[in-house]
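Okay, so here's the structure we're looking at.
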Amino acid sequence: AVYTEPPFQVNGYTGGGVGTVVQAGGTLPLTVGFSPSAVGTYNGTVVITTDVLNPIGVTLTGTAQAPTALGITSFATLPTATQGAKYSATLTAAGGTPPYTWSLATGSKLPTGLTLSSAGIISGSLPSTLKTGTYKVSVQVADSASKQVTATNSLAVAATTGATCN
């Protein structure tokens, strides 16, 4: 399992489940987001637990500064999605006047099977027949003062590995 506590969050890691094996020298790709509620410096830890080793922690530090304008703060490259699998990624914004409302920009669409909630969560299940590659998705966020900003994100869709998880 991989976990952390706010204002940090692990994005894009859906958990390997029982029987997931990371070979020696292998990688466990994940993205750590930072969404503080106030200006200041925050410390945290990402903890990785296994059924064989003691928990492993990585120390995190983030500094939040007061934003002056509404802006989209999530990475332009979204976590990779996999054909035939569930997906979830959270978009983040800062500045302006919360709360924020998310939507797809005019003319933009997500890959088949995914939706964007007004809270900024891209989620769903991708069909196994979805074409692999990189999809460009333009999103916009509006604050309660009706200010809007738009950003284009890249969402890679990878082929299934063929591995069976129990």
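Scope of the values below: all heavy atoms of this structure, side chains included, with no hydrogens, waters or symmetry mates.
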Identify the residue among S154, P111, S108 that makes a side chain to side chain contact (heavy atoms under 4.5 Å, CB included) with Y135.
-> P111
Taking everything shown except F34 itself, do over 12 heavy atoms lie less than 6.0 Å from its CZ?
-> yes
Evaluate the criterion side chain to side chain contact (heavy atoms under 4.5 Å, CB included) for residue pair Q83 and V157; output intermediate values, then yes/no.
-> CA-CA 7 Å; Q83 291 173 319; V157 174; 4.1 Å; yes
On a heavy-atom basis, the closest approach of T45 and G57 is CG2-CA, 3.8 Å
Would T92 and T73 count as having a side-chain donor-acceptor pair, cut-off 3.5 Å?
-> yes
Nearest 0.5 Å, what's the OG-CG distance between S138 and L104?
-> 8.5 Å
Same apolar cluster (I L V M F W Y, side chains within < 4.5 Å links), I56/V10 | no
Identify the heavy atoms of A158 and T132 that sit nearest to each other, and give their distance.
-> C-CG2, 3.8 Å
When rounded to the nearest 0.5 angstrom, what distance separates OG1 in T4 from CD1 in I48?
-> 10.5 Å
Rounded to the nearest 0.5 Å, the CD1 atom of I122 sits from the CG atom of L116 at a distance of 5.5 Å
Check: residues 142-149 side-chain donor-acceptor pairs under 3.5 Å, at least two apart:
{"from": "D143", "atom 1": "OD1", "to": "A145", "atom 2": "N", "distance (Å)": "3.0"}
{"from": "D143", "atom 1": "OD1", "to": "S146", "atom 2": "N", "distance (Å)": "3.1"}
{"from": "D143", "atom 1": "OD1", "to": "K147", "atom 2": "N", "distance (Å)": "2.9"}
{"from": "D143", "atom 1": "OD2", "to": "T97", "atom 2": "N", "distance (Å)": "2.9"}
{"from": "S144", "atom 1": "OG", "to": "T97", "atom 2": "O", "distance (Å)": "2.8"}
{"from": "S144", "atom 1": "OG", "to": "P98", "atom 2": "O", "distance (Å)": "3.3"}

Take V139 and L91 through the test side chain to side chain contact (heavy atoms under 4.5 Å, CB included) and record every step on the way to the result.
-> CA-CA 9 Å; V139 297; L91 302 174; 3.9 Å; yes
Between CG of L130 and OG1 of T82, what distance do you get to the nearest 0.5 Å?
-> 11.0 Å
Distance (rounded to the nearest 0.5 Å) between L155 CG and K136 NZ | 10.5 Å
W102 and I72: CA distance, side-chain angles, deciding distance, side chain to side chain contact (heavy atoms under 4.5 Å, CB included) verdict | CA-CA 10 Å; W102 291 87; I72 295 175; 3.9 Å; yes
Inter-residue atom distance Y42.OH - S35.OG, 0.5 Å rounding = 10.5 Å
Is it possible for you to say whether V2 and F8 belong to one hydrophobic cluster, with membership spreading through side-chain heavy-atom contacts below 4.5 Å?
-> yes
Full working for side chain to side chain contact (heavy atoms under 4.5 Å, CB included) between L78 and Y87 | CA-CA 11 Å; L78 296 168; Y87 182 83; 3.7 Å; yes
